[in-house]
Trainee: 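The structure that follows is given in the form of structure tokens.
Order of the sequence lines fixes the chain letters, A, B, ..., with proteins taken first and strands second; residue numbering starts at 1 for each chain. Just so we're clear, the structure is a prediction, and the values are computed from it rather than from any experiment.
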There are 2 protein chains.
Amino acid sequence: MWTLSTSTGAGYHHGDLRAALLDSALALLNTEGPGELSLRAVARHAGVSANAPYRHYRDKEALLAALATRGFTELGERLAAVGPGDGPDAELIAMARTAVDYALDHPGVYRLMFGQACSTHPDAIAASDAAIAIVAERIAAIAEAERREPLRIGLWALVHGLSTLLLDERLGTPTRAEADALVETVVRTLLGAGPGLSAPGRWGAP
Amino acid sequence: MWTLSTSTGAGYHHGDLRAALLDSALALLNTEGPGELSLRAVARHAGVSANAPYRHYRDKEALLAALATRGFTELGERLAAVGPGDGPDAELIAMARTAVDYALDHPGVYRLMFGQACSTHPDAIAASDAAIAIVAERIAAIAEAERREPLRIGLWALVHGLSTLLLDERLGTPTRAEADALVETVVRTLLGAGPGLSAPGRWGAP
DNA sequence: GCATCGATGTGTACGATGTCCACATTGAAG
DNA sequence: CTTCAATGTGGACATCGTACACATCGATGC
């Protein structure tokens, strides 16, 4: 009758409930949507009582926000790891694909990250801004000054929109490769160059 | 002690509860987010008991889906009313602005429309497809064949992303005019033409 | 070694919610 | 005027988020 906890927890005191709760929430999020996730279920999954989470998070929203924050951080790391590609367009496309892939890999957390509850939480906003900043840097090295801001906002919006549509299966149920190809085609088209065509006059900054 | 209903309801039988519930839900949605909206609160606002809604909607999700469906229909009407502008880019931009304006006008319903719960409901999906079809028609009249599909998906994603970012105040708190200008700039930039620059070679289909 | 104390987890409790069931009320059809 | 199907009510139940008081434990001082 000891803990049936998923995470390594011993006896009365768990060890690292704070992190274990995040893991439990993550596991449950990939099963059901963020709206259906109950704090009590997270506690059960972690093998603790319904009230234990309150020692580590002020309320349910705080736990979810922490998870979203972790999500933004991880997304940022993935984006930072994207190497320069074959020309600026390729680099932007690679980053877009990376972000969409992240959404497809973590549907629950992704929806959480862009849900209303977490958009309000300062930590999540900060982590989100950090992720955007990475994209902004790359763009700054590529685009002319007056195009940077709209490009940053536009790509962010585009990627988020594509992720949402794909997660909701509003674009069919493509395989990962098909989804990636779709992202590439869409981004390339919107960047002004048709598929297979290069976009003259927009290659490289100073 | 008769009905304190907001809508025109008489005595025991309400008259048109089905529609009144939608109106009540709409009113409450503009106060609080879709996640916080309770079916009981909708019933209270309509001046009926907590169970009355179940005579008209199978469950809470069905009511919300009906509201989302109405939203997509109205959005479609607004999009259909957008006149041809000064060239194809201007027309696409006008439609993008129309859609974003709709989101800013109805934050609650908009979040509902793109929430997970309603993306699953067939009625909402149909209404959403109808709205997209309107955009697709316009695009078909403007763009070359192989650009149509990516353009349609890309614009839809872009507009949805921009709406989300604006609703979550992730792009500051612009006035309506500023938001419209932002949308114009972003869309124009992503369509390949810098602000004020025309995009040679992409004007007009046959 | 042992008492102590702050941190952490448990149990109980309360109000709110979604939804089920049985019953009440009604306008319209016979 | 009776009857009936549609519609609304009331009560009940499980679940949820969360507050309160209490239990348990590991480190700290002696």
Side-chain angles (χ1 to χ4, degrees), chain A residues 1-22 24-25 28-29 31-67 112 115-118 120-121, chain B residues 1-22 24-25 28-29 31-67 112 115-118 120-121:
Chain A
M1 200 187 128
W2 286 82
T3 84
L4 303 173
S5 163
T6 292
S7 315
T8 70
Y12 198 102
H13 280 70
H14 183 286
D16 193 2
L17 226 197
R18 185 175 208 94
L21 286 172
L22 284 188
S24 292
L28 293 179
L29 262 186
T31 300
E32 44 198 332
E36 289 72 34
L37 180 64
S38 89
L39 187 53
R40 289 172 110 106
V42 173
R44 276 193 297 268
H45 186 273
V48 295
S49 83
N51 272 326
Y54 288 91
R55 298 291 163 187
H56 301 277
Y57 301 96
R58 195 163 42 77
D59 53 14
K60 179 185 180 180
E61 197 179 302
L63 201 179
L64 262 21
L67 197 50
L112 198 63
Q116 199 177 3
C118 295
T120 328
H121 199 288
Chain B
M1 198 194 147
W2 286 84
T3 86
L4 303 172
S5 164
T6 292
S7 316
T8 69
Y12 198 102
H13 281 70
H14 183 286
D16 193 3
L17 225 198
R18 187 175 206 93
L21 285 172
L22 284 188
S24 292
L28 293 180
L29 261 188
T31 299
E32 43 196 331
E36 288 71 32
L37 180 65
S38 89
L39 186 52
R40 289 172 110 106
V42 173
R44 276 192 298 266
H45 186 272
V48 295
S49 82
N51 273 326
Y54 287 91
R55 299 292 161 184
H56 301 276
Y57 300 96
R58 196 163 41 77
D59 53 12
K60 179 184 180 182
E61 196 179 302
L63 201 179
L64 262 22
L67 197 51
L112 199 60
Q116 199 178 2
C118 295
T120 328
H121 199 288

Trainee: Does B/Asn51 make a side-chain donor-acceptor contact with the base of C/dG18, cut-off 3.5 Å?
Mentor: no
Trainee: Tell me which of A/Ser49 and B/Tyr54 sits closer to the 5' end of DNA chain C, going by the nucleotide each one is nearest to.
Mentor: A/Ser49
Trainee: Nearest heavy-atom pair of A/Leu63 and A/Ala25: which atoms, and what distance?
Mentor: CD2-CB, 4.1 Å
Trainee: Check the distance between D/dC16's C1' and A/Glu61's CD and give it to me in whole angstrom.
Mentor: 16 Å
Trainee: Rounded to whole Å, how long is the line connecting atom CG of A/Leu37 with atom P of D/dG17?
Mentor: 8 Å
Trainee: Starting from C1' on C/dT10, measure out to CZ on A/Arg44 and report it in whole angstrom.
Mentor: 15 Å
Trainee: Side chain of A/His56, heavy atoms from C-beta onward: which of C/dT17, C/dG9, D/dT18 has the nearest atom to it?
Mentor: C/dG9
Trainee: Taking atom P of D/dT24 as reference, at what distance in whole Å does atom CG of A/Leu17 sit?
Mentor: 18 Å
Trainee: Measure the distance from CG on A/Leu63 to P on D/dT18 and round it to the nearest whole Å.
Mentor: 11 Å
Trainee: Side chain of B/Arg55, heavy atoms from C-beta onward: which of D/dG17, D/dT9, C/dG18 has the nearest atom to it?
Mentor: D/dT9
Trainee: Is B/Arg40 side chain donor-acceptor paired with the C/dT19 base, going by distance under 3.5 Å alone?
Mentor: yes
Trainee: From CZ of B/Arg58 over to C1' of C/dC20, roughly how many Å is that when rounded to an integer?
Mentor: 15 Å
Trainee: Rounded to whole Å, how long is the line connecting atom CG of A/Asp16 with atom P of C/dA7?
Mentor: 17 Å
Trainee: Taking the minimum atom-to-atom distance to the side chain of A/Leu39, which one of C/dG18, C/dT19, D/dG17 wins?
Mentor: D/dG17
Trainee: Closest approach of A/Gly33 and B/Gln116, non-hydrogen atoms and distance?
Mentor: CA-OE1, 3.6 Å
Trainee: Measure across B/Ala52 and B/His56 and return the closest heavy-atom pair with its distance rounded to 0.1 Å.
Mentor: O-CD2, 3.9 Å
Trainee: Can you name the nearest heavy-atom pair linking A/Tyr54 to A/Asp59, along with the distance?
Mentor: CE2-CA, 4.0 Å
Trainee: Can you name the closest pair of heavy atoms from A/Lys60 and A/Leu37 and give their distance?
Mentor: NZ-O, 2.9 Å
Trainee: Check the distance between D/dG17's P and A/Leu21's CG and give it to me in whole angstrom.
Mentor: 13 Å
